[in-house]
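Presented below is the structure to which this report refers.
Residue numbers count from 1 along this sequence.
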Amino acid sequence: MKIAVLPGDGIGPEIVAQAVRVLNALGQKFDLEEAPVGGAAYDVAGHPLPPATLELAKKADAILFGAVGDWKYDALARELRPEQAILGLRKHLELFANFRPAICYPELTAASSLKPEIIGGLDILIVRELNGDIYFGQPRGIRTSELPLFKGAREGFDTMHYSEPEVERIGRVAFEAARKRGKKVCSVDKANVLETSQLWREVMIRISQEYPDVELSHMYVDNAAMQLVKAPKAFDVVVTGNLFGDILSDEAAMLTGSIGMLPSASLDKNNKGLYEPSHGSAPDIAGKGIANPLATILSAAMMLRYSLGMPAEADRIEKAVQKVLAQGLRTADIYTEGTQKVSTVQMGDAVVAALS
Ligand code: IPM
Ligand code: MG
(Lines give C-alpha, C1' and ligand atoms only; values in the text may rest on other atoms or scores of the structure.)
(Ligands and ions follow the chains in the order given, each with its own letter.)
Protein backbone atom coordinates (compact mmCIF):
# COMPACT_ATOMS: atom_id res chain seq x y z
CA MET A 1 0.00 0.00 0.00
CA LYS A 2 1.55 3.24 -1.12
CA ILE A 3 0.61 6.31 0.90
CA ALA A 4 1.61 9.79 -0.23
CA VAL A 5 2.39 11.87 2.84
CA LEU A 6 1.99 15.61 2.24
CA PRO A 7 2.56 17.53 5.50
CA GLY A 8 2.34 21.07 4.09
CA ASP A 9 2.54 24.25 6.16
CA GLY A 10 1.98 25.61 9.64
CA ILE A 11 1.13 22.84 12.09
CA GLY A 12 0.86 20.36 9.16
CA PRO A 13 4.27 18.71 9.67
CA GLU A 14 3.79 18.34 13.46
CA ILE A 15 0.39 16.68 13.27
CA VAL A 16 1.18 14.50 10.25
CA ALA A 17 4.30 13.22 12.06
CA GLN A 18 2.06 11.89 14.86
CA ALA A 19 -0.36 10.24 12.41
CA VAL A 20 2.59 8.56 10.69
CA ARG A 21 3.84 7.24 14.05
CA VAL A 22 0.40 5.78 14.72
CA LEU A 23 0.29 4.13 11.28
CA ASN A 24 3.74 2.64 11.76
CA ALA A 25 2.73 1.31 15.17
CA LEU A 26 -0.05 -0.82 13.66
CA GLY A 27 2.44 -3.52 12.69
CA GLN A 28 1.46 -3.47 8.99
CA LYS A 29 3.69 -2.69 6.06
CA PHE A 30 2.96 0.69 4.51
CA ASP A 31 5.07 2.31 1.84
CA LEU A 32 5.05 5.95 2.96
CA GLU A 33 6.53 8.55 0.64
CA GLU A 34 6.68 12.20 1.61
CA ALA A 35 6.57 15.25 -0.68
CA PRO A 36 6.32 19.00 -0.14
CA VAL A 37 3.02 20.78 -0.76
CA GLY A 38 1.62 24.30 -0.30
CA GLY A 39 3.90 27.08 0.84
CA ALA A 40 6.57 24.54 1.76
CA ALA A 41 6.61 23.39 -1.88
CA TYR A 42 6.62 26.94 -3.18
CA ASP A 43 9.75 27.55 -1.08
CA VAL A 44 11.66 24.58 -2.51
CA ALA A 45 10.16 24.21 -6.00
CA GLY A 46 8.52 27.53 -6.82
CA HIS A 47 5.00 26.07 -7.01
CA PRO A 48 2.48 24.98 -4.33
CA LEU A 49 1.76 21.74 -6.20
CA PRO A 50 4.97 20.76 -8.03
CA PRO A 51 4.69 18.08 -10.76
CA ALA A 52 6.58 15.53 -8.63
CA THR A 53 4.13 15.95 -5.75
CA LEU A 54 1.13 15.61 -8.08
CA GLU A 55 2.71 12.50 -9.68
CA LEU A 56 3.22 10.91 -6.28
CA ALA A 57 -0.37 11.71 -5.28
CA LYS A 58 -1.62 10.14 -8.52
CA LYS A 59 0.27 6.89 -8.17
CA ALA A 60 -0.37 6.42 -4.44
CA ASP A 61 -3.29 4.35 -3.13
CA ALA A 62 -4.17 7.13 -0.70
CA ILE A 63 -2.95 10.55 0.39
CA LEU A 64 -2.41 11.72 3.94
CA PHE A 65 -2.48 15.50 3.91
CA GLY A 66 -1.67 17.99 6.68
CA ALA A 67 -2.66 21.56 5.94
CA VAL A 68 -1.56 24.43 3.71
CA GLY A 69 -1.34 28.18 4.08
CA ASP A 70 0.62 30.79 5.96
CA TRP A 71 0.36 34.57 6.13
CA LYS A 72 3.81 34.88 4.67
CA TYR A 73 2.43 33.76 1.29
CA ASP A 74 -0.50 36.21 1.32
CA ALA A 75 1.14 38.55 -1.15
CA LEU A 76 1.68 35.85 -3.82
CA ALA A 77 -0.42 35.78 -7.00
CA ARG A 78 -3.51 33.59 -6.51
CA GLU A 79 -2.17 30.75 -8.68
CA LEU A 80 0.92 30.46 -6.48
CA ARG A 81 -0.82 30.63 -3.13
CA PRO A 82 -0.60 27.51 -0.92
CA GLU A 83 -4.40 26.95 -1.13
CA GLN A 84 -3.98 26.15 -4.83
CA ALA A 85 -2.25 22.92 -3.81
CA ILE A 86 -5.30 21.43 -2.15
CA LEU A 87 -7.65 22.81 -4.80
CA GLY A 88 -5.36 21.38 -7.52
CA LEU A 89 -5.21 17.93 -5.89
CA ARG A 90 -9.00 17.83 -5.54
CA LYS A 91 -9.44 18.79 -9.16
CA HIS A 92 -6.66 16.76 -10.81
CA LEU A 93 -7.57 13.59 -8.92
CA GLU A 94 -11.33 14.20 -9.27
CA LEU A 95 -11.85 14.00 -5.53
CA PHE A 96 -15.41 15.28 -5.71
CA ALA A 97 -16.94 13.81 -2.57
CA ASN A 98 -15.89 15.34 0.71
CA PHE A 99 -16.97 13.65 3.96
CA ARG A 100 -16.80 15.87 7.01
CA PRO A 101 -18.22 14.12 10.02
CA ALA A 102 -18.96 16.22 13.10
CA ILE A 103 -19.03 13.98 16.13
CA CYS A 104 -19.16 15.20 19.70
CA TYR A 105 -17.19 12.87 21.96
CA PRO A 106 -18.93 12.56 25.35
CA GLU A 107 -15.68 13.52 27.12
CA LEU A 108 -15.54 16.80 25.19
CA THR A 109 -19.05 18.21 25.55
CA ALA A 110 -17.69 20.73 28.07
CA ALA A 111 -15.22 22.05 25.49
CA SER A 112 -18.05 23.19 23.19
CA SER A 113 -19.37 26.73 23.36
CA LEU A 114 -22.88 25.28 23.14
CA LYS A 115 -24.91 23.78 26.00
CA PRO A 116 -24.29 20.06 26.58
CA GLU A 117 -27.94 19.18 25.92
CA ILE A 118 -27.71 20.77 22.47
CA ILE A 119 -24.57 18.92 21.34
CA GLY A 120 -24.29 15.84 23.58
CA GLY A 121 -24.21 12.76 21.35
CA LEU A 122 -24.02 14.82 18.17
CA ASP A 123 -23.14 12.73 15.11
CA ILE A 124 -23.77 14.39 11.76
CA LEU A 125 -22.09 14.06 8.40
CA ILE A 126 -21.55 16.88 5.96
CA VAL A 127 -21.14 15.70 2.38
CA ARG A 128 -19.62 18.57 0.43
CA GLU A 129 -19.17 18.63 -3.34
CA LEU A 130 -15.53 19.52 -4.03
CA ASN A 131 -14.96 19.77 -7.78
CA GLY A 132 -17.44 22.35 -8.96
CA ASP A 133 -19.36 25.48 -8.00
CA ILE A 134 -17.99 29.00 -7.79
CA TYR A 135 -14.63 27.56 -6.66
CA PHE A 136 -13.75 26.47 -10.19
CA GLY A 137 -16.35 28.21 -12.39
CA GLN A 138 -15.25 30.14 -15.44
CA PRO A 139 -15.20 32.96 -16.34
CA ARG A 140 -13.67 34.63 -13.33
CA GLY A 141 -11.33 37.50 -12.84
CA ILE A 142 -10.99 41.20 -12.21
CA ARG A 143 -12.13 43.50 -15.00
CA THR A 144 -13.51 46.96 -15.70
CA SER A 145 -17.15 47.30 -14.77
CA GLU A 146 -19.78 47.91 -17.46
CA LEU A 147 -22.54 48.62 -14.92
CA PRO A 148 -23.96 52.08 -15.62
CA LEU A 149 -23.61 53.15 -11.99
CA PHE A 150 -20.04 51.91 -11.59
CA LYS A 151 -18.76 52.10 -15.16
CA GLY A 152 -14.98 52.13 -15.36
CA ALA A 153 -14.46 50.90 -11.81
CA ARG A 154 -12.59 47.63 -11.17
CA GLU A 155 -14.88 44.70 -10.43
CA GLY A 156 -14.21 41.14 -9.34
CA PHE A 157 -16.38 38.34 -10.72
CA ASP A 158 -16.76 34.57 -10.34
CA THR A 159 -19.16 32.06 -11.85
CA MET A 160 -21.32 29.60 -9.95
CA HIS A 161 -22.46 26.55 -11.85
CA TYR A 162 -23.40 22.91 -11.38
CA SER A 163 -24.29 20.49 -14.16
CA GLU A 164 -26.89 17.76 -13.59
CA PRO A 165 -24.36 14.88 -13.55
CA GLU A 166 -22.27 16.68 -10.93
CA VAL A 167 -25.29 17.07 -8.66
CA GLU A 168 -26.37 13.48 -9.31
CA ARG A 169 -23.05 11.96 -8.33
CA ILE A 170 -22.71 13.88 -5.06
CA GLY A 171 -26.39 13.28 -4.33
CA ARG A 172 -25.93 9.53 -4.70
CA VAL A 173 -22.92 9.62 -2.39
CA ALA A 174 -25.02 11.37 0.23
CA PHE A 175 -27.99 8.99 -0.10
CA GLU A 176 -25.70 5.94 0.08
CA ALA A 177 -24.04 7.36 3.20
CA ALA A 178 -27.43 8.09 4.79
CA ARG A 179 -28.50 4.49 4.18
CA LYS A 180 -25.70 3.36 6.48
CA ARG A 181 -26.66 5.88 9.18
CA GLY A 182 -29.85 7.70 10.18
CA LYS A 183 -31.52 7.51 6.72
CA LYS A 184 -32.05 11.26 6.40
CA VAL A 185 -30.54 13.64 3.86
CA CYS A 186 -30.91 17.39 4.14
CA SER A 187 -29.92 19.12 0.89
CA VAL A 188 -28.75 22.67 1.50
CA ASP A 189 -29.05 25.28 -1.24
CA LYS A 190 -30.16 28.84 -1.96
CA ALA A 191 -32.94 27.95 -4.39
CA ASN A 192 -34.92 31.08 -3.48
CA VAL A 193 -32.25 33.19 -5.19
CA LEU A 194 -29.89 31.12 -7.36
CA GLU A 195 -30.59 29.26 -10.62
CA THR A 196 -27.74 26.89 -9.79
CA SER A 197 -29.56 25.94 -6.59
CA GLN A 198 -32.88 25.55 -8.36
CA LEU A 199 -31.39 22.91 -10.65
CA TRP A 200 -29.55 21.35 -7.70
CA ARG A 201 -32.85 20.93 -5.85
CA GLU A 202 -34.63 19.45 -8.90
CA VAL A 203 -31.90 16.85 -9.33
CA MET A 204 -31.89 15.94 -5.63
CA ILE A 205 -35.65 15.38 -5.73
CA ARG A 206 -35.32 13.25 -8.86
CA ILE A 207 -32.58 10.95 -7.54
CA SER A 208 -34.25 10.68 -4.12
CA GLN A 209 -36.80 8.45 -5.88
CA GLU A 210 -34.09 5.80 -6.15
CA TYR A 211 -33.78 5.85 -2.35
CA PRO A 212 -37.30 5.47 -0.97
CA ASP A 213 -35.85 4.33 2.37
CA VAL A 214 -34.08 7.68 2.86
CA GLU A 215 -35.97 10.84 3.82
CA LEU A 216 -34.98 13.93 1.81
CA SER A 217 -35.50 17.47 3.06
CA HIS A 218 -34.31 20.83 1.74
CA MET A 219 -33.05 23.87 3.54
CA TYR A 220 -31.79 27.28 2.46
CA VAL A 221 -28.21 27.80 3.48
CA ASP A 222 -28.90 30.78 5.74
CA ASN A 223 -31.47 28.77 7.66
CA ALA A 224 -29.11 25.78 7.77
CA ALA A 225 -26.45 27.96 9.39
CA MET A 226 -29.01 28.91 12.03
CA GLN A 227 -30.40 25.39 12.59
CA LEU A 228 -26.88 24.02 13.02
CA VAL A 229 -26.44 26.02 16.20
CA LYS A 230 -30.07 25.79 17.29
CA ALA A 231 -30.77 22.06 16.93
CA PRO A 232 -27.80 20.33 15.29
CA LYS A 233 -28.94 16.86 16.32
CA ALA A 234 -31.94 17.17 14.00
CA PHE A 235 -29.53 16.58 11.08
CA ASP A 236 -28.15 13.27 9.87
CA VAL A 237 -26.47 13.73 6.47
CA VAL A 238 -26.21 17.23 5.02
CA VAL A 239 -25.37 17.42 1.31
CA THR A 240 -24.37 20.69 -0.26
CA GLY A 241 -22.20 22.43 -2.84
CA ASN A 242 -18.59 23.46 -2.57
CA LEU A 243 -18.98 27.00 -1.22
CA PHE A 244 -21.85 26.39 1.21
CA GLY A 245 -20.14 23.19 2.35
CA ASP A 246 -16.92 25.04 3.09
CA ILE A 247 -18.74 27.41 5.42
CA LEU A 248 -21.17 24.98 7.06
CA SER A 249 -18.51 22.36 7.71
CA ASP A 250 -16.45 24.80 9.77
CA GLU A 251 -19.57 25.71 11.72
CA ALA A 252 -20.48 22.06 12.27
CA ALA A 253 -16.94 21.25 13.32
CA MET A 254 -16.92 23.90 15.99
CA LEU A 255 -20.11 22.51 17.55
CA THR A 256 -18.12 19.55 18.73
CA GLY A 257 -15.83 21.55 20.98
CA SER A 258 -12.82 21.82 18.76
CA ILE A 259 -12.14 21.75 15.08
CA GLY A 260 -8.93 20.00 16.20
CA MET A 261 -10.83 16.72 16.54
CA LEU A 262 -12.37 16.30 13.12
CA PRO A 263 -11.03 14.21 10.26
CA SER A 264 -12.14 14.36 6.64
CA ALA A 265 -12.02 12.29 3.50
CA SER A 266 -12.14 13.48 -0.11
CA LEU A 267 -12.94 10.62 -2.44
CA ASP A 268 -13.04 9.95 -6.16
CA LYS A 269 -15.54 7.58 -7.78
CA ASN A 270 -13.33 4.56 -6.97
CA ASN A 271 -12.87 5.50 -3.31
CA LYS A 272 -9.29 6.57 -3.78
CA GLY A 273 -8.94 9.44 -1.39
CA LEU A 274 -7.14 12.27 0.24
CA TYR A 275 -7.40 12.41 4.02
CA GLU A 276 -6.89 15.58 5.98
CA PRO A 277 -7.91 17.18 9.24
CA SER A 278 -10.86 19.55 8.83
CA HIS A 279 -8.89 22.37 10.43
CA GLY A 280 -6.30 24.49 8.68
CA SER A 281 -2.59 25.18 9.07
CA ALA A 282 -2.96 27.42 12.18
CA PRO A 283 0.29 29.33 11.58
CA ASP A 284 -0.24 31.18 14.88
CA ILE A 285 0.56 28.05 16.87
CA ALA A 286 2.94 26.33 14.42
CA GLY A 287 6.18 25.07 15.94
CA LYS A 288 4.94 25.44 19.51
CA GLY A 289 4.21 21.75 19.97
CA ILE A 290 0.66 22.43 21.18
CA ALA A 291 -1.42 21.51 18.10
CA ASN A 292 -3.97 18.73 18.42
CA PRO A 293 -2.90 15.75 16.26
CA LEU A 294 -6.13 13.80 16.78
CA ALA A 295 -7.95 15.06 13.67
CA THR A 296 -5.02 13.88 11.54
CA ILE A 297 -4.74 10.58 13.40
CA LEU A 298 -8.48 10.05 12.88
CA SER A 299 -8.04 10.98 9.20
CA ALA A 300 -5.50 8.16 8.94
CA ALA A 301 -8.17 5.86 10.40
CA MET A 302 -10.64 7.02 7.74
CA MET A 303 -7.97 6.31 5.11
CA LEU A 304 -7.59 2.73 6.33
CA ARG A 305 -11.34 2.25 6.25
CA TYR A 306 -12.32 3.94 2.96
CA SER A 307 -9.31 3.56 0.66
CA LEU A 308 -7.12 0.77 2.01
CA GLY A 309 -9.74 -1.80 3.00
CA MET A 310 -8.42 -2.16 6.56
CA PRO A 311 -11.46 -1.56 8.79
CA ALA A 312 -10.04 -3.49 11.76
CA GLU A 313 -6.98 -1.22 11.87
CA ALA A 314 -9.23 1.83 11.53
CA ASP A 315 -11.23 0.61 14.54
CA ARG A 316 -8.04 0.15 16.53
CA ILE A 317 -7.01 3.76 15.96
CA GLU A 318 -10.46 5.14 16.75
CA LYS A 319 -10.65 3.08 19.96
CA ALA A 320 -7.17 4.26 20.95
CA VAL A 321 -8.25 7.90 20.51
CA GLN A 322 -11.33 7.30 22.66
CA LYS A 323 -9.13 5.68 25.27
CA VAL A 324 -6.75 8.65 25.56
CA LEU A 325 -9.72 11.01 25.84
CA ALA A 326 -11.19 8.82 28.57
CA GLN A 327 -7.79 8.93 30.31
CA GLY A 328 -8.26 12.70 30.50
CA LEU A 329 -5.45 13.72 28.14
CA ARG A 330 -6.12 16.99 26.30
CA THR A 331 -4.22 19.28 24.00
CA ALA A 332 -4.72 22.99 24.69
CA ASP A 333 -7.66 23.40 22.28
CA ILE A 334 -9.80 20.83 24.13
CA TYR A 335 -8.47 21.42 27.63
CA THR A 336 -10.99 21.98 30.41
CA GLU A 337 -10.42 22.13 34.15
CA GLY A 338 -9.70 18.79 35.76
CA THR A 339 -8.11 17.27 32.66
CA GLN A 340 -4.41 16.89 31.86
CA LYS A 341 -2.88 19.23 29.30
CA VAL A 342 -0.43 17.52 26.93
CA SER A 343 1.69 18.49 23.93
CA THR A 344 1.30 17.32 20.33
CA VAL A 345 4.00 14.65 20.78
CA GLN A 346 2.65 13.49 24.15
CA MET A 347 -0.77 13.03 22.55
CA GLY A 348 0.86 10.98 19.78
CA ASP A 349 2.72 8.91 22.43
CA ALA A 350 -0.54 8.25 24.25
CA VAL A 351 -2.39 7.09 21.11
CA VAL A 352 0.49 4.80 20.14
CA ALA A 353 0.51 3.34 23.66
CA ALA A 354 -3.27 2.89 23.61
CA LEU A 355 -3.13 0.86 20.38
CA SER A 356 -1.83 -2.20 22.17
C1 IPM B 1 -11.24 23.69 3.31
C2 IPM B 1 -10.39 24.90 3.15
C3 IPM B 1 -10.08 25.09 1.67
C4 IPM B 1 -11.39 25.31 0.95
C5 IPM B 1 -9.08 26.22 1.38
C6 IPM B 1 -7.75 25.98 2.07
C7 IPM B 1 -8.86 26.40 -0.09
O8 IPM B 1 -11.03 26.02 3.71
O9 IPM B 1 -10.78 22.59 2.95
O10 IPM B 1 -12.36 23.80 3.80
O11 IPM B 1 -11.89 26.46 0.88
O12 IPM B 1 -11.96 24.35 0.48
MG1 MG C 1 -12.81 25.56 4.73
Looking at [Y] and [X], is there a salt bridge between them, counting it only when a charged N and a carboxylate O are closer than 4.0 Å?
X: D123; Y: K233; value: no
X: E215; Y: K183; value: no
X: R172; Y: E210; value: yes

Members sharing I142's hydrophobic cluster (side chains within less than 4.5 Å):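 So far as hydrophobic clustering goes, I142 is joined with none.
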If we only count heavy atoms from C-beta on, is the [X] to [Y] side-chain gap below 4.5 Å?
X: H279; Y: M261; result: no
X: R305; Y: M310; result: no
X: E55; Y: K58; result: yes
X: Y73; Y: R81; result: no
X: L194; Y: D189; result: no
X: I3; Y: D31; result: no
X: L267; Y: K272; result: no
X: L125; Y: D236; result: no

Which atom pair, heavy atoms only, marks the closest approach of [X] to [Y]?
X: S299; Y: S264; answer: OG-N, 3.6 Å
X: V37; Y: A85; answer: CG2-CB, 3.6 Å
X: A35; Y: P7; answer: O-CD, 3.6 Å

Would you say the side-chain atoms of [X] and [Y] include a donor-acceptor pair closer than 3.5 Å?
X: S249; Y: R100; result: yes
X: N98; Y: S266; result: yes
X: Y135; Y: D158; result: no

Just do the side-chain contact (heavy atoms from CB on, under 4.5 Å) check on L294 and M347 with the steps written out, would you? CA-CA 8 Å; L294 293 179; M347 190 56 108; 3.8 Å; yes
Is it true that Y42 and L54 fall in one hydrophobic cluster, defined by side-chain heavy atoms closer than 4.5 Å?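 Result: no, two separate clusters.
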With salt bridge (Lys or Arg N to Asp or Glu O under 4.0 Å) as the criterion, how do E164 and R206 come out once you've worked through the C-alpha distance, each side chain's angles and the decisive distance to 0.1 Å? CA-CA 11 Å; E164 289 198 271; R206 175 160 51 76; 2.9 Å; yes
I'd like to check the ring-ring contact (aromatic ring centres under 6.0 Å, His included) partners of [X]; sequence neighbours left out, ordered by chain and number.
X: Y306; answer: F99
X: Y275; answer: none
X: F175; answer: Y211

Output yes when a side-chain donor or acceptor of [X] lies under 3.5 Å from a complementary backbone atom of [Y], and no otherwise.
X: S187; Y: M204; answer: no
X: T53; Y: L49; answer: no
X: S307; Y: N271; answer: yes
X: S112; Y: T109; answer: no

Name the one of S258, P293, S343 that satisfies side-chain contact (heavy atoms from CB on, under 4.5 Å) with T331?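 Only match with T331 under side-chain contact (heavy atoms from CB on, under 4.5 Å): P293.
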Can you spot which of V22, V321, L262, I103 makes a side-chain contact (heavy atoms from CB on, under 4.5 Å) with L298?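 Checked V22, V321, L262, I103 against L298; only one passes side-chain contact (heavy atoms from CB on, under 4.5 Å): V321.
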Tell me every residue that passes side-chain contact (heavy atoms from CB on, under 4.5 Å) with N131, counting only those two or more places apart in sequence or in another chain.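 R90, K91, E94, F96, E129, R169.
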For a side-chain hydrogen bond (donor to acceptor under 3.5 Å, both in side chains) with R128, tell me which candidate from T240, D133, N242 qualifies.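 That would be N242; it is the only one of T240, D133, N242 passing the side-chain hydrogen bond (donor to acceptor under 3.5 Å, both in side chains) with R128.
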Under the side-chain contact (heavy atoms from CB on, under 4.5 Å) rule, what do R330 and K341 come out as? Steps first, then yes or no, please. CA-CA 5 Å; R330 305 283 187 272; K341 200 182 276 182; 5.8 Å; no
Please list every donor-acceptor pair under 3.5 Å in which a side-chain atom of residues 9-19 meets a protein atom from a residue at least two apart or in another chain.
residue: D9; atom: OD1; partner: G39; partner atom: N; Å: 3.1
residue: D9; atom: OD1; partner: A40; partner atom: N; Å: 2.7
residue: D9; atom: OD2; partner: G39; partner atom: N; Å: 2.8
residue: D9; atom: OD2; partner: G69; partner atom: N; Å: 2.8
residue: E14; atom: OE1; partner: G289; partner atom: N; Å: 3.4
residue: E14; atom: OE2; partner: G287; partner atom: N; Å: 2.6
residue: Q18; atom: OE1; partner: R21; partner atom: NH1; Å: 2.7

Using the rule given for side-chain contact (heavy atoms from CB on, under 4.5 Å), can you reason through I259 versus N292, listing the C-alpha separation, both sets of side-chain angles and the distance that settles it, and then say yes or no? CA-CA 9 Å; I259 198 168; N292 186 347; over 6 Å; no
